[in-house]
Amino acid sequence: MNGKWFAALLFILLWVCVIFSIFSASAISAEVEAKARAEGRVVLYSCPGRENVEPVVKEFERQHPGIKVQVSYGKGSQLQEKIRSEARAGRPTTDVHSCGWNGLYQFGLEGYLEKYQSPQQNYFDPATVDKSGLTLSHSAHIYGLVINTRWVGAEESPRSWSELADPKWKGKLAIQDPRPGGGGFSWFVQMLTDANLGENYLRKMAQQKIFFGRTNDLVHSLLARGEYFVHIAGTEERATTEAPRSAPVKFLKPRDGAFYTRIGLGLVKNAPHPNAAKLYIDFTLSEAGQKTVADTGYLPLRKGVPSVLGPDALQGAKLAVLQTEEGIKREPEFAKKLKEIFFP
Amino acid sequence: MLLYGSMRSSAPGDAGFFTLQNYFDAYGDRETPRLFLNTFFIVGAVTLLSAVVAIFFAWVVTRTDTPYRGAITLFMIVPFFIPSILEVFAWALLLSPRTGLINVFLSWLFDLQEPPFNIYSLGGLIWTWTITSAPTKFLLIVGAFRAMDSSLEEAALTSGSSHAGAFARITLPLLAPAILAASLLTFVRGMESFELPVILGLPAGIFVFTNKIYEVLEFGFPPRYGLATALAVTLFLMTAMMIFVQRRILRERSFAIISGKGYRPMTISLGRWRYFILAICAVYFLIATVLPLSQLVLGSFFEVFGIYDWQALTLHHYRTIFDDPLVWQSIKNSFLLASAAALLTMLLSFGVAYVVTKTSFALRKTLDLISWVPWTVPGLVLSLGMLWAYIRLPYPFEIYGTLWILLIAFITNGIPLGVRLANGGLAQISDELEESAWVHGATWLYAFRTITLKLMAPVFFAGTLILFVTFMRALGPVILLYGHGTELLSITIFHLWQRGEPGTVCALSMVLLAIFLIALGAARLMGATGIHDQR
């Protein structure tokens, strides 16, 4: 066989492989779709709030008629404890869990998540894909300062984390309670590991009579109505796309470093509707799903999907230390320090 | 199960080992003595202040000629039917330090630099607790005021004593056992209270037993079930002790002041003061009922709570609740569960009460005592105990996360009240009625059906309604037991509040209030509140 024939045969073989893989993929997805329809619903336990999840759910239900998504909202520690209790009782009811990536990943390491690699992950930056298959990151959000513009004028508004240690802010600051994890804890770790701020800064902040709210949404609500002036580690989308017209709030990127965290999805072990769950995960990671995610103000991680916050939204923001390998390893040490400084 | 759970090293359903570490942790904590102190001080203060309010109103409606006494009674009873969680939310909004309407108004009026009130403080906690518990206390003592024979008061007045002197030296001492019994009950209910210490106490860093248990479970990472259960055992022992004391007092003294003969309670003529008293009552109702309810209505129509701009008027919160399937699921679950639990509790209670009051069954006293036991178990403690007991049952009894476990929790929680109501009703039916039917040849079943059941029907329906209302607003007994698809209205409202959606909470409160007002109307029609016979 000469080289010309060999090249032609190789080309035909490749072509057949491509055609076969396309057909088999669509056959698989058709099979998943059929099974998902038979299952009829997906139960989602979500840390992201109603504003971020409802549009995605509505679009999913529109594209997949016959499959309903039932959502329970809450904070990560609370939802994960519910999933644990359901597992202990032998009555799993949750299919998909959505939360900050690090909490989700650790929950997966505890054995409560099933590994799943979505075909849609091929369109994501490999750096954002969890090799273990336990979690599937779909978006990110930026943490910074959110101020109430009714109480804080443009000139007096803080421009950095360090300015918050000024006694003039005493009793006017609020943050999500850092003890069960979440944005408040991410901020604590970020400050603790910052070479310029560190423990000294946090000890000064401990004197500021900071209000610790149960959830980030609660703190934001208290800020919007003017109960507190500055939301430490507030998120950009909460102050922009999601804020009601009449809410006097503004997001500021601190000069000494905004940070961002990734939000992920996980397929719960022994999910009662596994196919519908996979379909929902695939949809969230798909182009249509990511566009809907982007419209809610989150930063989509899929390549080529623009953010409504602008192309430079992530510029100058660092990935939260807690979402790095080292951060996850050192979490017990951070938790101990938190107790020592803020909750002695 | 509580004792077992308090000595386990693991979460309910997980493998672990027996240990006393949870008790060492609970009692080794330097905060624990403050827990005892806070619980007794706060609940004691609330008991005392609510007693003052309740005695004043009971005296006004039963012993004075103040105008509109029927309306005053009605206004005192209506808040009893409003879930306290809604009142707590309303006060949390009204007295919010910087944006609460009362603070904003007073700061504007007196040109204050700092807000005069802070709901998230010891004072705020005691104030809200007093306002929400006064109606219950009023209901508990107004009957004794009305039933008291006034011949001793008349004798004191005839002997030259003033009205105030007769009240202080005769009326109050005579009513002391009834007031004491009611106060002890309020004290126990105060120790068990869940939503108020969690909503107002936690942000202020003020801990009593219930919010500490909740904090250990909610903010512990991971949740420390063993420690929470060790604290729950302590709370259970404290409430059991108080109930024991209350029962002793009730048994020995409470009915001694009320004579069975016919009489008409003496009415004091207040002269021109009666309008002053009426004004005090009106101001109280304005502050205690109208203001919080108005806040809920107002909050439900504005985009952002605290920003009362005409342009921010919206129906968004109502749309949110009507579009949310979870809200509909919660309403459906609450209705179904509260109705079924109320009906089953009353059926069971009547069975127990019939055996206790109408038969010579050897263990009837033990049965009566057993029916009292759940009274000593605070709702949150019951929830925790049931979690330990039911989380890992073999097939086909896996009831965790289903409506069945909530049903069991409600029935357990409601039995003491159901049995008391049924006992009261059955005690009024003389045994002679059934006996005379038997003498005339009727079978036991026929006599029971045509006499006892017929006469007991109003008490049965009234009891069912009272329990329905109690279950509709209950949070503590179910907070650790619900699962996906079994959320109740009280749980959904609580979570909405925690997620910082006050507008949605206000809108949903309107729905819940509508349900309660319908129930109150039905109860009034059946005479369950006794409003119809107020003078």
Side-chain angles (χ1 to χ4, degrees), chain A residues 43-45 49-50 54 68-75 77-78 80-94 110 148 150-151 171-172 177 179-181 185 211-229 243-249 335 343, chain B residues 11-14 93 96-100 120 202-203 205 215 217-223 302-307 309 311-312 314 316 320 323-326 329 387 390-395 398-402 405 480-487 495-504:
Chain A
V43 175
L44 168 68
Y45 276 16
R50 193 195 299 276
E54 253 178 23
K68 290 271 164 217
V69 185
Q70 299 173 338
V71 195
S72 285
Y73 299 99
K75 63 186 172 74
S77 55
Q78 180 195 25
Q80 285 165 14
E81 191 50 25
K82 274 277 165 210
I83 298 172
R84 285 188 199 102
S85 296
E86 287 167 6
R88 287 172 197 135
R91 282 187 55 88
T93 60
T94 320
E110 280 183 51
N148 183 305
R150 260 195 179 186
W151 291 96
K172 294 167 184 166
D177 195 316
R179 284 173 292 179
F185 190 50
F211 171 78
F212 296 108
R214 204 171 166 279
T215 61
N216 225 21
D217 288 346
L218 172 65
V219 176
H220 185 82
S221 159
L222 290 169
L223 176 94
R225 65 196 225 207
E227 211 50 70
Y228 296 95
F229 298 177
R245 286 166 303 147
S246 54
V249 293
F343 306 96
Chain B
D14 271 356
L93 296 174
S96 221
R98 287 194 180 96
T99 54
Y120 301 109
L202 280 186
E215 202 221 16
L217 292 175
E218 275 289 294
F219 291 92
F221 196 61
F302 282 91
E303 219 171 35
V304 177
F305 171 80
I307 298 175
D309 188 339
Q311 299 202 328
T314 181
H316 170 76
T320 302
D323 284 348
D324 190 344
L326 181 66
Q329 176 83 36
L387 187 68
Y390 293 101
I391 195 150
R392 194 161 263 184
L393 288 183
Y395 177 83
E398 307 125 313
I399 58 168
Y400 172 79
T402 66
I405 195 167
L480 302 175
L481 302 175
Y482 75 94
H484 174 77
T486 62
E487 293 90 351
H495 285 159
L496 282 171
W497 176 264
Q498 290 188 317
R499 288 215 310 267
E501 297 188 32
T504 320

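A, B, ... follow the sequence lines: proteins, then strands. Residue 1 opens every chain. Nothing here was measured: the structure is a model prediction, and the numbers come from that model.
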Legend entry - Pair B:His316-B:Glu303, side-chain donor/acceptor within less than 3.5 Å: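 Not at all, the side chains of B:His316 and B:Glu303 share no donor-acceptor pair under 3.5 Å.
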
Highest number of heavy-atom pairs under 4.5 Å with chain B: which of [options]?
options                               : result
A:Ala89, A:Ala224, A:Ser221           : A:Ala89
A:Tyr73, A:Trp151, A:Phe211           : A:Tyr73
A:Gly49, A:Ser85, A:Gly74             : A:Ser85
A:Pro248, A:Gly90, A:Gly226, A:Ala335 : A:Gly226

Can you say whether [X] sits under 4.5 Å from chain A via the side chain, the backbone, both, or neither, judging by heavy atoms?
X        : answer
B:His484 : both
B:Pro97  : both
B:Leu480 : backbone
B:Glu487 : side chain

Legend entry - Residues forming a salt bridge (charged side-chain N to carboxylate O under 4.0 Å, His left out) with A:Arg214, sequence neighbours excluded: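 So A:Arg214 forms a salt bridge (charged side-chain N to carboxylate O under 4.0 Å, His left out) with B:Glu218.
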
Legend entry - Sequence-distant partners of B:Arg499, salt bridge (charged side-chain N to carboxylate O under 4.0 Å, His left out), two or more places apart: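 B:Arg499 satisfies salt bridge (charged side-chain N to carboxylate O under 4.0 Å, His left out) with B:Glu501 only.
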
Legend entry - Atom pair NE2/OG1 of B:His495 and B:Thr504 - distance to nearest 0.5 Å: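 One gets 15.0 Å once the value is rounded to the nearest 0.5 Å.
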
Legend entry - Gap between atom OG1 of A:Thr93 and atom CD of A:Gln70 - 0.5 Å precision: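 OG1 of A:Thr93 is found 9.5 Å from CD of A:Gln70.
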
Given that the side chain runs from C-beta out, which part of [X] has a heavy atom under 4.5 Å from chain B: side chain, backbone, both or neither?
X        : answer
A:Phe185 : neither
A:Asn216 : neither
A:Glu81  : side chain
A:Lys68  : neither

Legend entry - A:His220-A:Tyr228 aromatic ring centre distance below 6.0 Å: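 A:His220 vs A:Tyr228: aromatic centres not under 6.0 Å.
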
If we define contacts as heavy-atom pairs under 4.5 Å, which of [options] has the most with chain A?
options                                : answer
B:Phe302, B:Tyr400, B:Tyr120, B:Tyr390 : B:Tyr400
B:Ala312, B:Gly100, B:Ser96            : B:Ser96
B:Gly205, B:Gly503, B:Pro12, B:Gly485  : B:Pro12

Legend entry - A:Arg179 with B:Glu215: basic N within carboxylate O range, under 4.0 Å: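 Judged by the 4.0 Å cut-off on N to carboxylate O distance, A:Arg179 and B:Glu215 do form a salt bridge.
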
Legend entry - Heavy-atom closest pair, residues B:Leu387 and B:Leu481: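 That would be N-CD2, 3.8 Å.
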
Inset, instruction - Cation-pi check, A:Lys82 to B:Tyr482: give yes when NZ or CZ is under 6.0 Å from the six-membered ring centre and within 45° of the ring axis, no otherwise. - result: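 Here A:Lys82 passes the 6.0 Å and 45° test against B:Tyr482.
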
Legend entry - Within 6.0 angstrom of A:Arg88 CZ, more than 12 heavy atoms from elsewhere: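 Yes.
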
